[in-house]
Amino acid sequence: MPALTQIDLLEWLRESRPARLQSLYEQADAVRREHVGDAVHLRGLIEISSHCVRQCMYCGLRQANHGLPRYRMTKVEILNCALQAERLGYGTVVMQAGEDELLTAEWIEEIVWWIKRETRLAVTLSLGERQEAELQLWRSAGADRYLLRFETSDARLFRLIHPSRTPTEPDRLTLLRKLKTMGYETGGGVMVGIPGQSFESLAHDILAFHALNLDMIGIGPFIAHASTPLGSGGLRPEICPSQQAPANEEMVYKMIALTRIVCPDANIPSTTALATINKVDGRKLGLKAGANVVMPNLTPAKYRRLYEIYPAKACIDESAADCNQCLRGQIHSLGRFAGQGPGGRGAAETPVRIQPDTYSNLVQVQI
Ligand code: SAM
Ligand code: SF4
């Protein structure tokens, strides 16, 4: 049974009194400390391709956005990023991309196999809705985790903003269940404040996280991108204005906190999208509201700006070493510590003392 009912969740999602919200964040923070400890896990993000065959109505990488120059990283570039992740002390690399058909099953398999052979890193894939046989192949090559947000549990809204490519393709909830049976640590998640998304459907999203028994749960604000139908107002899903959930940071902190209470031992990132709408404090406030993961960007500088899911993304001008130092500084300022190992679900850690200078001395890989 979830710790909160749909009615409790709905009340909290509509709450706006600062003192009440503060008490919610403190409760979530205490649950976080009790169940996953004070470690904040660093997952190095490599955005390996911006090509995508889909037409998601919210995303700047959608195929119809012809104004965006596309890139695909080479194997050597990806492997260099993985080596850099290990050198920077991360426990995981996350390879993320649009649904790019030229990232063939064998091509990805070889990279996964190489990273698992040459490093101690956990490998997370986030490559969209791929064939079951491909997902199985990558799992057999050693991939540990798969991230696939279901974006909203409102099936009608999902189909509107995320058109199917074929009439028979499985939905993302079905794929998440499949991934679990394959032995992946499985991550889902949602955007908050999608046009047409109600408070009620957000409450339902949290119950869906619990029902799916997700290992990782990513929650970020919807950020309008002018080159997309949802961001430009070209698509306006119908909803009564009083039901529309706002896409603001407070709503995201509430969602993170409630998710932590309902799914106490899940890994929950304080997302880049949150850091984008509050560049000064967004990440830290997410960590204080129940999150325990951050995702420093390892994508080579020449590609970062081109992975434009939404505009003005945080951390596009920083180098990998800058991101590393900045995030570690934020983690320490909260009295917490950076996790050392892969940081899978349920793996609590105790702090290891490292001199702050160590990070600035790390050698950078030249790409
Ligand atoms: N293509 C893969 C997929 O769709 O799962 C992975 C890459 S996709 C860019 C990763 C996530 O970005 C999506 O699951 C979605 O939640 C998020 N995203 C896309 N457009 C967004 C927007 N306009 N605002 C906030 N998040 C967005
Ligand atoms: Fe492609 Fe993923 Fe963006 Fe959809 S959300 S357009 S699948 S990159």
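Numbering of ligands and ligand atoms starts at 1, following listing order. Please read all numbers here as calculations on a predicted model, not as lab measurements.
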Polar contact flag, side-chain donor to acceptor under 3.5 angstrom, [X]-[Y]:
X	Y	answer
T299	N297	yes
D100	S49	yes
Y58	H162	yes
R336	N292	no
Q63	Q55	yes
E86	Y90	no
R43	T124	no
Y307	Q96	yes
Y184	D215	no

Query - ligand 1 contact by H225, heavy-atom criterion under 4.0 angstrom - result: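 The answer is no: ligand 1 sits nowhere under 4.0 Å from a heavy atom of H225.
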Counting only heavy atoms, which portion of [X] has something under 4.0 Å from ligand 1: side chain, backbone, both, or neither?
X	result
Y310	side chain
P221	backbone
A224	neither
M191	side chain
F150	neither

Are there protein heavy-atom neighbours of [atom] below 4.0 Å?
atom	result
atom 8 (S) of ligand 1	no
atom 2 (Fe) of ligand 2	no
atom 21 (C) of ligand 1	yes

Selected option - heavy-atom contact closest to [atom], from [options]:
atom	options	answer
atom 7 (S) of ligand 2	S126, C52, A64	C52
atom 17 (C) of ligand 1	R149, R62, M95	R149
atom 3 (C) of ligand 1	E308, R130, R172, R54	R172
atom 1 (N) of ligand 1	C52, A273, G231, A97	A97

Identify, for [atom], the protein heavy atom at the shortest distance, and state residue, atom and that distance.
atom	value
atom 24 (N) of ligand 1	I223 N, 3.0 Å
atom 18 (N) of ligand 1	I309 CG2, 3.4 Å
atom 4 (Fe) of ligand 2	C56 SG, 2.3 Å
atom 14 (O) of ligand 1	E151 OE2, 2.5 Å

**Report entry** Residue among V293, V40, L147 satisfying side chain to side chain contact (heavy atoms under 4.5 Å, CB included) with P269
**Finding:**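 Per the side chain to side chain contact (heavy atoms under 4.5 Å, CB included) rule, the option paired with P269 is V293, out of V293, V40, L147.
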As an exercise, identify every atom of ligand 1 less than 4.0 angstrom from a heavy atom of [X].
X	answer
Q96	6 (C), 7 (C), 10 (C)
S126	6 (C)
G98	1 (N)

Query raised in the report: Rounded to the nearest 0.5 Å, what separation is found between the CG atom of L207 and the CG atom of L202?
Result: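 Taking CG in L207 and CG in L202, the distance rounds to 11.5 Å.
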Taking only heavy atoms of [X], which atoms of ligand 2 are found under 4.0 Å from at least one of them?
X	result
G98	8 (S)
Y58	5 (S)
R62	6 (S)

**Report entry** Close side-chain approach of W12 to I7, heavy-atom, < 4.5 Å
**Finding:**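 W12 does not reach I7 side chain to side chain.
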Query raised in the report: side chain to side chain contact (heavy atoms under 4.5 Å, CB included) between L125 and R145: does it pass, once the steps are laid out?
Result: CA-CA 6 Å; L125 300 175; R145 309 182 185 133; over 6 Å; no
Query raised in the report: Between V192 and Y310, is there a shared hydrophobic cluster once you connect ILVMFWY residues whose side-chain heavy atoms come closer than 4.5 Å?
Result: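 Yes.
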**Report entry** ligand 1 to Y307 polar contact by distance, N or O atoms, under 3.5 Å
**Finding:**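 No - when backbone and side-chain N and O of Y307 are compared with those of ligand 1, no distance drops under 3.5 Å.
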